[in-house]
There are 2 protein chains.
Amino acid sequence: MGHESSCLVAKLSHYVTLTDADREKLATFEKTERSFAGGTEIHQGGDENRELYVVKRGWAFSYTDLPDGRRQIVKIHHPGDVIGFPDVALKHTTTTLRTVEDVCLCPFPKSALDLILREAPRLSALLLSIALRDQVVFIDVLRAMGRMSAREKIAYMLLDLIARLRITNPGMTDTFRLPMNQGQIADYLGLTNVYVSKTFIRLEQDGLIRRHDGYVQILAEEQMIALTDFQDRYAQMDTSWFPQA
Amino acid sequence: MGHESSCLVAKLSHYVTLTDADREKLATFEKTERSFAGGTEIHQGGDENRELYVVKRGWAFSYTDLPDGRRQIVKIHHPGDVIGFPDVALKHTTTTLRTVEDVCLCPFPKSALDLILREAPRLSALLLSIALRDQVVFIDVLRAMGRMSAREKIAYMLLDLIARLRITNPGMTDTFRLPMNQGQIADYLGLTNVYVSKTFIRLEQDGLIRRHDGYVQILAEEQMIALTDFQDRYAQMDTSWFPQA
DNA sequence: CGTGCCATTGATTATCCTCAAGAAGAGTGG
DNA sequence: CCACTCTTCTTGAGGATAATCAATGGCACG
């Protein structure tokens, strides 16, 4: 993940062949970069007129709170992800953005999208497709939240994370670093930190996973896929209907 | 809702002024129409190469099942909605579409989007915005599913439905028809039909709502908004960054 | 060597589910 | 017009999953 080629270009190239003109336009998204320490709040929900970010390094997440403090983490951001895309539709930010660890982000203004839409129909189609694919992913999460047990939810989350990480790290096998703590995992899955702990231990005892120093190893991926009816939405998209280059 | 102006045009016109060229392109979405009886399965999750639909009349919903039969309703469709938009990104349908009552739909092919993206940047921006706005809506639902009690979930659902219906029916006040049964509401909110019944009764006893012959009346909208921290995502969008006409 | 964060563990509680049965209403056929 | 069925909503009893509360130990960090 990159010196010359950015993680964004790497991620998008997974789906279509980008022309030099496309790469040039995308490069404007990563002109500037800013670093943040772990546990930093980068912007708050309700802020106005925000920028978008491309993640260059590190994990972050977006969350919303209920007035009484209950928290829901809504999206976990990895390198190559675009943060804040959904908020483009609205005048105000809907979620708060917080870093999990030390992070490097590339901010860019909404108006950069305008250029893409006017001049690059093929890239527009790709951006639209990613927005729509993300909707499908949200639908999958919704199903997990509404109808899965705690055990299934955690299995689902682990499968989802590893599927996403494999897109940009093709060498990855069955082990990945999980820098989030159990309170954050609980806020993502609609559980409590205590119950996440207990459920992780059961998953380990049942031989589905193993944990060591912040890493998770998936021992029985097939079994976990069956348990959660997991579908990988990241590996491929339908680009057949795109405008020609 | 429509003879000359379609519900789709009506819904989109709420956000931007459409040119005649725009209307003409959108009209291709509603060239043909098909009617379905209530309780019909229109297409199954996993089907290939599907069409999109504009809803002309009646309610429908999209759902996914887990292998053991647990069901999650993912989206409730009203007149003017485009059904199947998220699936454009993928080769196969992700959800099953079922009618709630007698329904009239206008099917159109994916490729119609291609035309828009190539020739109508402003309309492209609007479609992209709607896709992104729908993501925000999914995020709101996610928060409800993850962190709200049954009582709050139902209140949230009712507020969401009435906010959506108000877009196309500006005359609507505090009462609307809710043609879904309690099992379907349960499948939407991640509850059971029994508990939905009990919770509805409590809401009624507490004077928040009233029910009569399939209609729901919101008696204490302010209180319910406070209870659920409800945000109306439908009333306005940020169109300021759109390409000029 | 404190201090703070985090994971773990146990005891208790509550929300919501499961199972079961009954009532009200709509539609059907005789 | 009257059974009859079917669906939906309601009600109650009992149970399970996950929450809450509280305490402990490990580990990193200053």
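Given the structure is predicted, the values throughout are model-derived calculations rather than measurements. All heavy atoms count here, side chains included; hydrogens, waters and symmetry mates do not. Below, read A as the first sequence line, B as the second, and so on, with proteins coming before strands; counting in each chain starts at 1.
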Consider side chain to side chain contact (heavy atoms under 4.5 Å, CB included). Of A/L219, A/I218, A/L203, which one does A/R210 pass it with? A/L219
How long is the line joining CE of B/M145 and C1' of C/dC16, in whole Å? 14 Å
If you find the nucleotide of DNA chain C closest to B/N193 and the one closest to A/M180, which residue's nucleotide is nearer the 5' end? A/M180
B/R34, CZ atom: more than 12 neighbouring heavy atoms under 6.0 Å: no
Which residues in residues 194-215 of chain B have a heavy atom closer than 4.0 Å to any atom of DNA chain C? B/V194, B/Y195
List the steps, then state whether side-chain hydrogen bond (donor to acceptor under 3.5 Å, both in side chains) holds for A/Y53 with A/D81. CA-CA 8 Å; A/Y53 302 94; A/D81 287 349; over 6 Å; no
Is A/K75 close enough and on-axis enough to A/Y188, meaning under 6.0 Å and within 45°, for cation-pi? no
B/N181 CG to C/dA26 P: how many Å, rounded? 16 Å
What is the separation between atom CD on B/Q182 and atom P on C/dA24, rounded to the nearest whole Å? 16 Å
Any salt bridge linking B/R233 with B/D140? Criterion: basic side-chain nitrogen under 4.0 Å from a carboxylate oxygen. yes
B/D87-B/T94 side chain donor-acceptor pair, cut-off 3.5 Å: yes
Should A/R143 and A/D229 count as an ion pair when the cut-off is N to O under 4.0 Å? yes
Flag yes if more than 12 heavy atoms outside A/Q217 fall under 6.0 Å of its CD atom; otherwise flag no. yes
Any base atoms under 4.0 Å from A/G190, or only sugar-phosphate, or nothing? Heavy atoms, all strands. sugar-phosphate
Evaluate the ring planes of B/Y215 and B/H212, with Trp represented by its six-membered ring, and classify them as parallel (under 30°), tilted (30 to 60°) or perpendicular (over 60°). parallel
Going by atom types only, do B/T168 and B/H78 share a side-chain donor-acceptor pair under 3.5 Å? no
Using a 4.0 Å cut-off to any heavy atom of chain A, which nucleotides of DNA chain D are the first and last in contact, reading 5' to 3'? D/dT17 to D/dC21
Salt-bridge present (A/E48, A/K91; N to O < 4.0 Å): no
Give the rounded distance in Å between these two atoms: CZ of B/R147 and C1' of C/dT15. 14 Å
Taking the axis from the first five pairs and the axis from the last five, what angle separates them in the helix from C/dC1-D/dG30 to C/dG30-D/dC1, rounded to 10 degrees? 40°
